[in-house]
Amino acid sequence: MACEKDDETQEKGLTDMTEGLFVVNEGNWGSGNSTVSFYDPQTREVSNEVFYLTNGMRLGDVAQTMTIDGNVAWIVVNNSNVVYAVDATTMKELGRVESGLVSPRSVCVVSDDKIYVSQMYSDKIAVVDVHSYEVIDYITCKGLNGEISSTEDMVKKDGYVYVSCWSFQKEVLKVDISQDSVVNCLEVGVQPSRLLMDKAGKLWTLVDGGYEGNPVGYEAPQIVRIDPQSMTVDKRYTFELNDYISDICFNLTSDTLFWMKGDVYRMAISAETLPDEPFLKPEKGQYYAMSISPKKNELYLSDAIDYVQQGVVRRYDMKGVLLDVFEVGVCPGYFCWK
């Protein structure tokens, strides 16, 4: 049986996906060309379109995020309104959530029985039974102004899930998992997106500031640090009005924050001010997403190039030395480590 499996994997052009990096490639809006790639940092082998090669079908339109829990990976396909559950080692489909979702964005595993799915064009987080793949409830998420509060990124900690509200919103929400309800709401700035937790238990969010003419406001982008217990802002790092901060991530020990502003910058979580000089000036490109390896503390940057052709990922060590470059799918927008 093992030989047959190896032969089948080799025939399909797949590398061993036991341990490594999944790259979620969004594709182009309306084109249905989103894909998932896999990269093995040890062998430097890369397999593209691993979902298609395993299942014989396309993911759909705009693959957004991927979350791994044990050996189950949840792949969120935004414009197709579907979330796939797949075997994280083989990519074989286990089931899918395909009804009751409105522009899903990300998945947070909250227990052995349920996941939360954030949604862009809805004021409700979907509560999904992981055994039936059915939406069993919704968590209504009204913002401070009582209007629809779309939801984006999610972080789980100590019985709560913290949720950023990005699209035309200003808030971070606190959801009680035992009640499946919002228990607190904090205004942080115009359009908070990425949400992370550091080693000290503080939340960090990237506030992109919106754009000129935005109905909820236009302001300089910020990185905001939040005390999740009191739900208060305890630090703001403010950029210039026209700056564009495309992504943030932590290092291996979650005590150093990295972000992209054309170049890559970094600072200790205890820093009082933003650094003046970049950590890394990568090659020219349309850098789209970033991640740090959970084992070797290496930096991965995705380059969307022209957003039409296949993108690439560049791998650097903590001295800024380029270690590898590999080709992935169109618009590589999210990294997921296994």
Verdict with supporting geometry, T205 and S164, side chain to side chain donor-acceptor pair (under 3.5 Å): CA-CA 8 Å; T205 187; S164 62; 5.3 Å; no
Run the side chain to side chain donor-acceptor pair (under 3.5 Å) test on D113 and S111 for me, step by step, so that the C-alpha distance in whole Å, both residues' side-chain angles and the decisive distance to 0.1 Å come before the verdict. CA-CA 5 Å; D113 299 312; S111 73; 4.7 Å; no
One pair to check against side chain to side chain contact (heavy atoms under 4.5 Å, CB included): N71 and T89. What are the steps and the verdict? CA-CA 7 Å; N71 201 44; T89 301; 2.9 Å; yes
Please step through side chain to side chain contact (heavy atoms under 4.5 Å, CB included) for the pair L14 and T54, ending with a clear verdict. CA-CA 9 Å; L14 295 173; T54 300; 3.6 Å; yes
With side chain to side chain contact (heavy atoms under 4.5 Å, CB included) as the criterion, how do T140 and D123 come out once you've worked through the C-alpha distance, each side chain's angles and the decisive distance to 0.1 Å? CA-CA 6 Å; T140 300; D123 65 346; 4.1 Å; yes
Q309 and E327: side chain to side chain contact (heavy atoms under 4.5 Å, CB included), yes or no, with the steps? CA-CA 10 Å; Q309 63 181 292; E327 191 172 83; over 6 Å; no
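The shortest side-chain heavy-atom distance between K92 and V86 does not fall under the 4.5 Å cut-off. In this structure, M290 and F258 have side chains that are in contact, with non-hydrogen atoms separated by less than 4.5 Å. Side-chain contact between Y244 and P221 is absent, with no heavy-atom pair separated by less than 4.5 Å. Side-chain contact check for V216 versus K170: some heavy-atom pair is nearer than 4.5 Å. S167 places none of its side-chain heavy atoms less than 4.5 Å from the side chain of Q191. Taking the side chain as every heavy atom from C-beta outward, V23 and L21 approach each other to under 4.5 Å. Between V130 and W74, the closest side-chain pair of non-hydrogen atoms falls below 4.5 Å. Contact annotation: the side chain of W166 never approaches that of S150 to less than 4.5 Å [non-hydrogen atoms, C-beta and beyond].
Judged by a 6.0 Å distance limit and a 45° cone about the ring axis, R96 is not positioned over the six-membered ring of Y84. Judged by the 6.0 Å and 45° rule, K114 forms no cation-pi pair with Y116. A cation-pi geometry, defined here as NZ or CZ lying under 6.0 Å from the six-membered ring centre and within 45° of its normal, holds between K174 and Y160.
Heavy-atom neighbours of D112 CG from other residues, nucleotides or ligands within 6.0 Å: at or below the threshold of 12. Residue Q229 places its CD atom among 12 or fewer non-hydrogen atoms of other residues, nucleotides or ligands, all under 6.0 Å distant.
Aromatic rings from F22 and Y334 are positioned such that their centres are separated by 6.0 Å or more. Centroid-to-centroid, the aromatic rings of F279 and Y265 stay 6.0 Å apart or farther. The six-membered or imidazole ring of Y300 lies away from that of Y316, with a centre-to-centre distance of 6.0 Å or more.
Of the N and O atoms on the side chains of R315 and Y39, at least one donor lies less than 3.5 Å from an acceptor on the other residue. If you check the side chains of N55 and E93, you find no donor sitting under 3.5 Å from an acceptor. Side-chain contact of T253 with N251: a donor-acceptor pair under 3.5 Å is present, judged by distance alone. Side chains of D40 and T15: no donor on one and acceptor on the other come within 3.5 Å. At a cut-off of 3.5 Å, with distance as the only test, no side-chain donor of W337 or S293 sits close to an acceptor on the other residue.
Looking at N28, its side chain never comes within 3.5 Å of a backbone N or O of S31 through a donor-acceptor pair. One N or O on the side chain of K338 and one on the backbone of T18 form a donor-acceptor pair closer than 3.5 Å. Within the 3.5 Å criterion, the main-chain N or O of D227 finds no donor-acceptor partner in the side chain of K202. For D69 (side chain) and A73 (main-chain N/O), no donor-acceptor pair under 3.5 Å exists by modelled atom type. A donor-acceptor pair under 3.5 Å links the side-chain atoms of S80 to the main chain of D61, judged by distance alone. Side-chain N or O atoms of T67 include one that pairs as donor or acceptor with a backbone N or O of V107 at under 3.5 Å. The backbone N or O of I269 sits less than 3.5 Å from a side-chain atom of R225, completing a donor-acceptor pair.
Using a 4.0 Å cut-off between charged side-chain N and carboxylate O, R194 and E152 make no salt bridge.
With P104 as the fixed residue, the side chain to side chain contact (heavy atoms under 4.5 Å, CB included) test singles out one of V83, N79, T65: V83. Screening V328, V330, N33 for a side chain to side chain contact (heavy atoms under 4.5 Å, CB included) involving N25 leaves a single residue, V328.
Residues V175 and V163 come closest through the heavy atom pair CG2-CG2, 4.1 Å. Nearest heavy-atom pair across I139 and S181 is CG2-CA, 3.9 Å. Minimum heavy-atom separation, Y287 to P282: OH-CB, 3.6 Å. Nearest heavy-atom pair across L203 and M197 is CD2-CE, 3.6 Å. Residues Q119 and R105 approach most closely at C-CG, 4.2 Å, considering heavy atoms. Counting all heavy atoms, side chain and backbone alike, L173 lies closest to C185 at CD2-SG, 3.6 Å.
How far CG of L196 is from OH of Y162: 14.5 Å, rounded to the nearest 0.5 Å. Remark: N78 CG to S34 OG distance equals 10.0 Å, nearest 0.5 Å. D87 contributes atom CG, which lies 8.5 Å from atom CE of M17 (distance to the nearest 0.5 angstrom). Distance check, rounded to the nearest 0.5 Å: CE of M231 to CG of N184 gives 5.0 Å. Note: F168 CZ to N214 CG = 5.5 Å, rounded to the nearest 0.5 Å. Note: E98 CD to Y133 OH = 12.0 Å, rounded to the nearest 0.5 Å.
Under the 4.5 Å side-chain heavy-atom criterion for Ile, Leu, Val, Met, Phe, Trp and Tyr, F38 and I68 are members of the same hydrophobic cluster. Cluster annotation: V188 is connected to L195 through the hydrophobic network of ILVMFWY side chains, with a link wherever side-chain heavy atoms come within less than 4.5 Å. Cluster membership check: V117 does not share its hydrophobic cluster with I75, using side-chain heavy-atom separations under 4.5 Å among Ile, Leu, Val, Met, Phe, Trp and Tyr. When the side chains of ILVMFWY residues are joined at heavy-atom separations under 4.5 Å, either directly or via intervening members, F250 and V224 end up in two distinct hydrophobic clusters. In the hydrophobic cluster analysis, where Ile, Leu, Val, Met, Phe, Trp and Tyr join through side-chain heavy atoms closer than 4.5 angstrom, I292 is grouped apart from V321.
Between Y288 and Y307, the two ring planes are perpendicular [angle over 60°; tilted spans 30° to 60°].
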